[in-house]
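This report concerns only the one structure given below.
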Protein chains: 2
Amino acid sequence: MKAITKYWFLEGFNLFKKIGRLNMMKICELLEMDNIEKGNPIALNEAHRNSIFFLKRGSVKIVNTTNDSVKYIVKHGNIFGELALYDQEAATKEIAYALEDCIICYIEPEQMEQLMEKHKSLKNGVLKVYGLRIQKLERRLHDLLYKDSSTRIREFISEYLDEFGETNEAGKSIAKNLLSHKEIANLTNTSRQTVSNVLSTMRKEGVIDYNVKFFISDTK
Amino acid sequence: MKAITKYWFLEGFNLFKKIGRLNMMKICELLEMDNIEKGNPIALNEAHRNSIFFLKRGSVKIVNTTNDSVKYIVKHGNIFGELALYDQEAATKEIAYALEDCIICYIEPEQMEQLMEKHKSLKNGVLKVYGLRIQKLERRLHDLLYKDSSTRIREFISEYLDEFGETNEAGKSIAKNLLSHKEIANLTNTSRQTVSNVLSTMRKEGVIDYNVKFFISDTK
DNA sequence: CTAAAACTGTCGCCTAGAGGAACTATTATA
DNA sequence: TATAATAGTTCCTCTAGGCGACAGTTTTAG
């Protein structure tokens, strides 16, 4: 029964979708799960420093421990901490915080590797995650070089709304405002003040609206 | 005999080191090889657009086709074009040019995937290559944000000498000068003029010396 | 329920370094 | 060997946007 509950969780992870129900059940027995309250760090305790995480519910920010800047955000349904698979060193340089109440599953790298040996599709999935990570980094580098800060922020907001927004009855896209200006600045490689500026001009222009709780855009 | 010749080639690739002599021989039969003269593009012909390459001898620059800027350089003994494994699209956006006369082996992605199925260590190797790529990109992004252009250029030169330099009798490290200032500018995300400036001040300071053919640094 | 801490909004100053112009040196091409 | 093309050098101008400052606002904590 417990396994079935867990099964339900993982349904969301495309990584696991392909590998079939039975295998899924077996895997589930290996996975521990946890609730994390908004604002709290994930896996601060040494024991799970290098775990790989599956984020079932909520969202998470990955923070660079050396300078406290946000590297990226992870939406529910995705994997994070996969760095631990190839480089334990690098993995300790980032820490995750819950941006909302979260449900996570975690697994140790050794177990993960065993699993990957057994399930080809899992290994392919991880390869894909790595590939996506490379694409994202290249995009970020490119944007930094060829787009001005205002554009970067605007694009970030629009993509944020695409990712986190839900269209309401009135046809507006509404997304929880989970990030401070400082964090948006980190993610777009700009300064806090510039984010503030661009955001308010966007509001003046009527492109978006926002308050402490939400971002709202007219057209999806 | 032909196979043995090829075997000799691949010896240099750590990727292949682990998988054993016999397997190696089998793999070799699948691989085509080629000589590329300095300055020429690699795999311009459509047929091999998406191949994965092993660089036995020489070095290669990977150029972004959209804006003609150098993305990175590949030293002999390394793999490139591995992008094709996860994203054929992305792979067509870069093209490689020989910085010196090169010997390359190439393999189609499908074959590569078959090989990876058979040889676990090969798959792990590729995973590692991906991991390194991520590290490099993160480093580059970090440098761009937190180091000024002069520092970036200086560090690049010193690393270039580490990578390509060979210590001579006099205890100096000498590296072939394979890159134009414009290309160094691309790689350090600076401008042609700044590279020129920094280089000549480095010369004035006595940190390095250089001419059309070589870079020279006193201490290794 | 109040004090402190952490966020937001705005303004204006200041600097790193891109990018143009102009010229020389070097290397390919005819 | 002349001519064109490319690479390297120097100098100067101009601007994007980081950063400090400070006032207003919201959140957290005790």
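In what follows, chains carry the letters A, B, and so on, assigned in the order in which the sequence lines appear, proteins first and then strands, with residues in each chain numbered from 1. Hydrogens, waters and symmetry mates are skipped; everything else that's a heavy atom, side chains included, is used.
- One can place OH of B/Y146 at 17 Å from C1' of C/dA16, the figure rounded to the nearest angstrom.
- On the nucleic acid side, DNA chain D contacts chain B at distances under 4.0 Å to non-hydrogen atoms, with the end points of that region at D/dG8 to D/dT10.
- Counting to the nearest Å, the C1' atom of C/dG17 and the CG atom of B/D143 are 17 Å from each other.
- Taking the side chain as every heavy atom from C-beta outward, A/V212 and A/N177 never approach each other to under 4.5 Å.
- Contact check of residues 181-203 of chain B against DNA chain D (heavy atom, cut-off under 4.0 Å) returns B/H181, B/R192, B/Q193, B/S196, B/S200, B/R203.
- C/dC7 atom C1' lies 15 Å from atom CG of A/N211, rounded to whole Å.
- Axis deviation across the helix from C/dC1-D/dG30 to C/dA30-D/dT1 amounts to 50°, comparing end segments of five pairs, rounded to 10 degrees.
- The pair A/E159-A/K136 does not count as a salt bridge, with every side-chain nitrogen at least 4.0 angstrom from each carboxylate oxygen.
- Position along DNA chain D of the nearest nucleotide to B/N177 versus A/D148 favours B/N177 as the more 5'-ward residue.
- Comment: B/R152 does not engage B/D148 in a salt bridge, judged by the lack of any side-chain N to carboxylate O separation of less than 4.0 angstrom.
- The side chain to side chain contact (heavy atoms under 4.5 Å, CB included) check on A/S180 picks up A/K182, A/E183, with sequence neighbours excluded.
- Partners of A/N35 under the side chain to side chain contact (heavy atoms under 4.5 Å, CB included) rule, at least two apart in sequence or in another chain, are A/I103.
- For residues 161-187 of chain B, the pairs satisfying ring pair (Phe, Tyr, Trp, His ring centres under 6.0 Å) are B/Y160-B/F164, with sequence neighbours left out.
- Ion pairing of A/E205 with A/R154 is present here, as a side-chain N (NZ or NE/NH1/NH2) and a carboxylate O approach within less than 4.0 Å.
- Taking the charged nitrogens against the carboxylate oxygens, A/E155 and A/R139 do have a contact shorter than 4.0 Å, which makes a salt bridge.
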Could you walk me through whether A/N186 and A/V63 pass the side-chain contact (heavy atoms from CB on, under 4.5 Å) test, one step at a time? CA-CA 10 Å; A/N186 286 161; A/V63 174; over 6 Å; no

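- Using a cut-off of 4.0 Å between Lys/Arg side-chain N and Asp/Glu carboxylate O, B/R57 and B/E100 are scored as not salt-bridged.
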